[in-house]
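All heavy atoms count here, side chains included; hydrogens, waters and symmetry mates do not.
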Amino acid sequence: MDGQASMRHLTVRFLRMLSLTLEELAAVRDASGRAEYAGLAARAEALERETDALEREIEDACLAAFAGPLSPEELAFHLLVFRSLTNLERVGDYAFGVARDLERLAPRTRSATLQDVLPLVDLLMEMLEKLAYAFAERDVAAAREVMRLDAEEVDALYEQMLRASLTRLHERPDDAEIALTAHRMARSLERLGDHLVNVAERLEALERAAEVGHLAEGQPLRGRG
């Protein structure tokens, strides 16, 4: 497989990894919306197994490509994908952890505690969709929007969830396990966003380097923000 063919193949498989995490978060959102949590962890675990298999497939494809001739642009792309695999694997892990905690927590707490996760889940789903678009289209503006959403909105919602869990712990000390689980879910979602930002930052750097290369060669830049 030549460099360009490998890039096309990896783009498809990388986007599939992103879509699997999107499916995990959608399962969390839908379970919360219906207040029906049975089977949520099993569904997320099945998606996580597919994510792990894809990670191994993409890693092998990158290593095979590194062994052959690659242009500088092809090499930069393969390095971006290879270095981002750990981020996407962790993203899936965090999504699975939230699904598992949510199902375990559901029988023991009020719906208000469970509903706290929804705004953050919705925001992370939006970030995943924008990151997928940024990666597919090599769109710097979309990558920067992923970063903005994390810095301006995810962190604020995370702090809000932490305050809510601490308030519950103060008001109902007997519910310490519930408060700590809610805290862990909030932390997992916040970390999930951080890993998406890492990928977005690499994508921005790749495209900026490509633009510098075009300038050096006297070629016009592509119309990207």
Side-chain angles (χ1 to χ4, degrees), residues 17-52 55 86-132 145-200:
M17 280 191 78
L18 288 172
S19 74
L20 286 169
T21 301
L22 192 60
E23 288 182 49
E24 287 188 71
L25 291 179
V28 168
R29 181 195 61 192
D30 294 345
S32 298
R34 299 192 312 270
E36 297 176 3
Y37 301 95
L40 175 59
R43 171 61 178 156
E45 186 176 18
L47 292 167
E48 181 62 8
R49 284 197 299 269
E50 187 176 347
T51 296
D52 290 343
E55 180 191 16
T86 299
N87 294 115
L88 293 197
E89 189 272 335
R90 293 301 294 147
V91 161
D93 285 348
Y94 283 124
F96 170 58
V98 170
R100 182 185 55 211
D101 283 342
L102 200 56
E103 184 172 351
R104 290 175 178 173
L105 193 63
R108 293 179 290 150
T109 190
R110 302 177 306 169
S111 60
T113 303
L114 305 176
Q115 293 298 314
D116 281 349
V117 304
L118 284 178
L120 196 45
V121 167
D122 285 340
L123 187 55
L124 290 167
M125 290 177 69
E126 181 182 355
M127 289 173 62
L128 274 163
E129 291 169 347
K130 289 186 181 300
L131 182 59
E145 180 65 6
V146 172
M147 301 176 213
R148 186 196 68 78
L149 287 169
D150 183 73
E152 296 181 9
E153 300 188 37
V154 169
D155 289 349
L157 285 173
Y158 169 59
E159 293 294 335
Q160 180 179 317
M161 286 184 69
L162 288 187
R163 287 194 298 269
S165 65
L166 290 173
T167 297
R168 291 188 190 97
L169 184 60
H170 176 74
E171 294 176 349
R172 296 184 292 277
D174 292 343
D175 289 344
E177 185 179 358
I178 292 172
L180 291 173
T181 301
H183 178 102
R184 183 169 63 238
M185 285 193 296
R187 180 61 175 162
S188 293
L189 291 169
E190 189 268 342
R191 290 295 295 142
L192 193 161
D194 287 344
H195 283 285
L196 295 180
V197 167
N198 287 343
V199 179

Gap separating the [atom1] atom of [X] from the [atom2] atom of [Y], nearest 0.5 angstrom:
X: Tyr158; Y: Arg187; atom1: OH; atom2: CZ; answer: 4.5 Å
X: Leu88; Y: Leu131; atom1: CG; atom2: CG; answer: 7.5 Å
X: Glu50; Y: Leu20; atom1: CD; atom2: CG; answer: 4.5 Å
X: Asp30; Y: Leu40; atom1: CG; atom2: CG; answer: 9.5 Å
X: Ser188; Y: Leu120; atom1: OG; atom2: CG; answer: 10.5 Å
X: Glu159; Y: Glu190; atom1: CD; atom2: CD; answer: 8.5 Å

### Task
State which residue, out of Asp122, Leu47, Leu192, Val91, fulfils the side-chain contact (heavy atoms from CB on, under 4.5 Å) condition with Leu25.
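Among Asp122, Leu47, Leu192, Val91, the one meeting side-chain contact (heavy atoms from CB on, under 4.5 Å) with Leu25 is Leu192.
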
#### Entry: Reference residue Thr21; test side-chain contact (heavy atoms from CB on, under 4.5 Å); the match among Leu196, Leu124, Leu128
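With Thr21 as partner, Leu196, Leu124, Leu128 yield a single side-chain contact (heavy atoms from CB on, under 4.5 Å), made by Leu128.
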
Would you please name every residue forming a side-chain contact (heavy atoms from CB on, under 4.5 Å) with [X], sequence neighbours left out?
X: Asp93; value: Glu48, Glu89, Arg90
X: Asn198; value: Asn87, His195, Glu201, Arg202
X: Leu118; value: Arg29, Ser32, Gln115
X: Glu126; value: Leu123, Lys130, Leu149

If you take all heavy atoms of [X] and [Y], which pair is closest and at what distance?
X: Arg100; Y: Ala41; answer: CA-CB, 3.9 Å
X: Glu24; Y: Phe96; answer: OE1-N, 3.2 Å
X: Met161; Y: Ala182; answer: CE-O, 4.3 Å

### salt bridge (Lys or Arg N to Asp or Glu O under 4.0 Å) partners for Glu23, two or more places apart
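Glu23 satisfies salt bridge (Lys or Arg N to Asp or Glu O under 4.0 Å) with Arg16, Arg43 only.
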
#### Entry: Non-neighbouring partners of Glu171 that pass salt bridge (Lys or Arg N to Asp or Glu O under 4.0 Å), sequence neighbours left out
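Checked Glu171 against salt bridge (Lys or Arg N to Asp or Glu O under 4.0 Å); zero matches.
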
### Test salt bridge (charged side-chain N to carboxylate O under 4.0 Å, His left out) applied to Arg49 and Asp52, step by step
CA-CA 5 Å; Arg49 284 197 299 269; Asp52 290 343; over 6 Å; no

### Query
How about Glu145 and Met127: do any of their side-chain heavy atoms sit closer than 4.5 Å?
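Of all side-chain heavy-atom pairs linking Met127 with Glu145, none is under 4.5 Å.
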
### Query
Is any side-chain heavy atom of Asp101 less than 4.5 Å from a side-chain heavy atom of Arg184?
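A side-chain contact under 4.5 Å exists here.
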
### Message
Using a 6.0 Å cut-off, check whether atom CD of Glu177 has over 12 heavy atoms from anything other than its own residue.
### Response
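Atom CD in Glu177 is not packed in, count stays at 12 or less.
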
### Task
Applying side-chain contact (heavy atoms from CB on, under 4.5 Å), run through Met147 and Asp150 and close with a yes or a no.
CA-CA 5 Å; Met147 301 176 213; Asp150 183 73; 5.9 Å; no

### Message
Looking at Glu55 and Thr86, would you say the former's side chain and the latter's main chain have a donor-acceptor pair under 3.5 Å?
### Response
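Checking the backbone N and O of Thr86 against the side chain of Glu55, no donor-acceptor pair under 3.5 Å is found.
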
